[in-house]
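Heavy atoms only: backbone and side chains are in, while hydrogens, waters and symmetry mates are out.
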Amino acid sequence: MELTVPDKNLVVETALGVNDVVFRSVKDDPFDIYGLYQPKAPGDFRRLPDDVAAGTNPGVVELYKHTAGGRVRFATDSPYVALRVKMPGVLKMPHMPLLGSSGFDLYLDNPASSASRYFNSFMPPMDMQTGYESIIHFGSRKLRYITINFPTYNPISELYIGLADGASLDHGMAYRDLAPIVYFGSSITQGGCSSRPGNTYQAVISRRFNIDHINLGFSGNGRAEGSIVDYMAHLPMCAFVSDYDHNAWDADFLWKTHYPLYRAIRDANPGLPYIIISRPDFHADPAAPDRRGAAYDTYRRAREEGDRRVFWIDGESFFRGEYEDMCTVDTCHPNDLGFARMASVIGCELERALNGWGM
């Protein structure tokens with residue numbers, strides 16, 4: 001039996017319905033791509049160099065082409081923006097919307113205030129196999145500054161933006177003149193299970209401060225191996241957020257690796273704001289107190305060594321209060337409410353840490 005959709009707003013367009021669209025690759029100027037490694041190089045988009053991924057672990061090899069944290073910015077007076085994306089495959093998960101894992105959403109940017117506000121999503125069809133096309137109409141023709149967020153859990157081979165024939169195209173709104181914030185961690189860091197890519201906690205913080213970011217969350221595989229730690233230590237960044245807890249094999253592994261991760265980043269970046277986070281789903285794991293102890297011990301040691309640019313956030317505090325039982329989809333991965341609360345707490349600590357660094 002085929003069900004009809006009662007609400008027209010829930011109907012996803014499968015045909016673009018325009019005859020003047022011109023598609024351009026986002027790898028061409030003047031599109032500006034953020035959050036990805038050498039994003040205008042030929043081939044699939046990726047978050048790491050190939051050799052770093054290969055030297056980390058097999059899980060990272062599977063995940064480093066997932067485009068979590070990727071964004072494209074541009075300005076146009078087109079009355080619509082269309083999207084054509086080619087994917088080597090589509091990842092579908094029972095606990096995460098397809099829009100969050102494999103879709104794109106669009107924000108309108110305001111250069112006068114540096115604000116970004118959600119406008120609409122390029123909704124992926126459930127039966128897509130190797131990509132899709134979608135279109136967002138604005139209803140008028142005027143200059144708009146646009147940010148489009150890439151999927152959090154899908155590799156992307158090619159991405160094209162479609163604009164009306166004759167529409168203007170220029171660079172988008174610039175981020176604040178600071179190096180990116182770098183985040184390292186697990187599936188929560190990667191973006192599971194936000195309903196759309198713009199709702200991850202890093203994306204929310206990026207819009208709050210108009211600061212670029214790099215998402216190096218690797219679902220199930222963020223274990224602080226030497227290859228990726230050395231790579232991260234030498235990235236240009238204005239702050240480092242260590243969301244490293246979940247993917248350590250056990251508490252003992254975390255005790256052995258958590259401080260060395262801090263030490264490597266700190267040795268290469270004296271004075272860099274370094275944020276340490278423990279897991280948000282504290283009550284879901286009997287080992288959580290010991291794991292939190294390992295993370296806090298890094299903070300304690302750093303402070304005893306005289307580091308005044310290291311900051312601590314107890315993940316148990318993220319979801320406290322009204323509706324705390326509504327913040328995850330599976331007792332572990334945050335939904336949009338959970339990510340909003342994480343963004344609020346982490347954002348406030350980053351604001352304090354970056355005070356005097358251009359904030």
Under 3.5 Å, is there a donor-acceptor pair between the [X] and [Y] side chains?
X	Y	result
N57	E225	yes
D20	Y80	yes
S187	H333	yes
S121	D105	no
S116	D109	yes
Y153	S219	yes
R207	Y118	no
H246	D281	yes
R196	T200	no
D77	S168	yes

Should we say atom [atom1] of [X] is surrounded by more than 12 heavy atoms from elsewhere, each under 6.0 Å from it?
X	atom1	value
R308	CZ	yes
M93	CE	yes
K256	NZ	no
Y34	OH	yes

In plain terms, say whether [X] and [Y] are close enough for a salt bridge, that is, a side-chain N and a carboxylate O under 4.0 Å apart.
X	Y	answer
D307	R303	no
D250	R291	no
D44	K65	yes
E305	R263	yes
E304	R301	no

Pairwise side-chain contact, [X] with [Y], heavy-atom cut-off 4.5 Å (strictly under):
X	Y	result
I181	D212	no
I346	I205	yes
Y132	M123	no
H137	I135	yes
I188	R279	no
Y160	V22	no
R300	W312	no

What is the distance from atom [atom1] of [X] to atom [atom2] of [Y], rounded to the nearest 0.5 Å?
X	Y	atom1	atom2	value
R84	S134	CZ	OG	12.5 Å
R176	L354	CZ	CG	9.0 Å
D314	I276	CG	CD1	12.0 Å
S78	L163	OG	CG	5.0 Å
L216	L63	CG	CG	12.0 Å
T76	R144	OG1	CZ	9.0 Å

Work out which heavy atom in [X] is nearest to a heavy atom in [Y]; give both atom names and the distance.
X	Y	value
F150	V72	CE1-N, 3.8 Å
L337	N335	N-OD1, 3.1 Å
V21	A82	CG2-CB, 4.2 Å
V90	T130	CG2-N, 4.4 Å
E349	I275	CG-CD1, 4.3 Å
L143	A75	CD1-CB, 4.2 Å

Test side-chain contact (heavy atoms from CB on, under 4.5 Å) applied to F31 and I161, step by step: CA-CA 9 Å; F31 294 108; I161 298 297; 3.8 Å; yes
Derivation and outcome, side-chain contact (heavy atoms from CB on, under 4.5 Å), residues F318 and F282: CA-CA 10 Å; F318 286 136; F282 185 82; over 6 Å; no
Judged by atom type as modelled, is there a donor-acceptor pair below 3.5 Å linking the side chain of [X] to the main-chain atoms of [Y]?
X	Y	result
R71	G69	yes
K27	A41	yes
R309	A353	yes
E158	I156	no
T298	Y259	yes
R47	N215	yes
T67	P151	yes
S102	L99	no
S278	G315	yes
S206	Q202	no

Residue pair V241, V182: steps toward the side-chain contact (heavy atoms from CB on, under 4.5 Å) verdict: CA-CA 6 Å; V241 178; V182 175; over 6 Å; no
Centroid-centroid under 6.0 Å between F138 and F119 rings: yes
Aromatic ring proximity Y64/Y37, centre distance under 6.0 Å: no
Co-membership, hydrophobic cluster, residues L108 and V26, 4.5 Å side-chain: yes
R73 charged N/C atom sitting above Y175 aromatic ring, 6.0 Å / 45°: yes
Passing option when Y262 is tested against Y274, F240, Y244 for ring pair (Phe, Tyr, Trp, His ring centres under 6.0 Å): Y274
side-chain contact (heavy atoms from CB on, under 4.5 Å) between T189 and Y201, intermediate numbers included: CA-CA 8 Å; T189 319; Y201 77 78; 3.9 Å; yes
Audit row: D336, S195, side-chain hydrogen bond (donor to acceptor under 3.5 Å, both in side chains) steps and yes/no: CA-CA 6 Å; D336 291 347; S195 67; 2.4 Å; yes
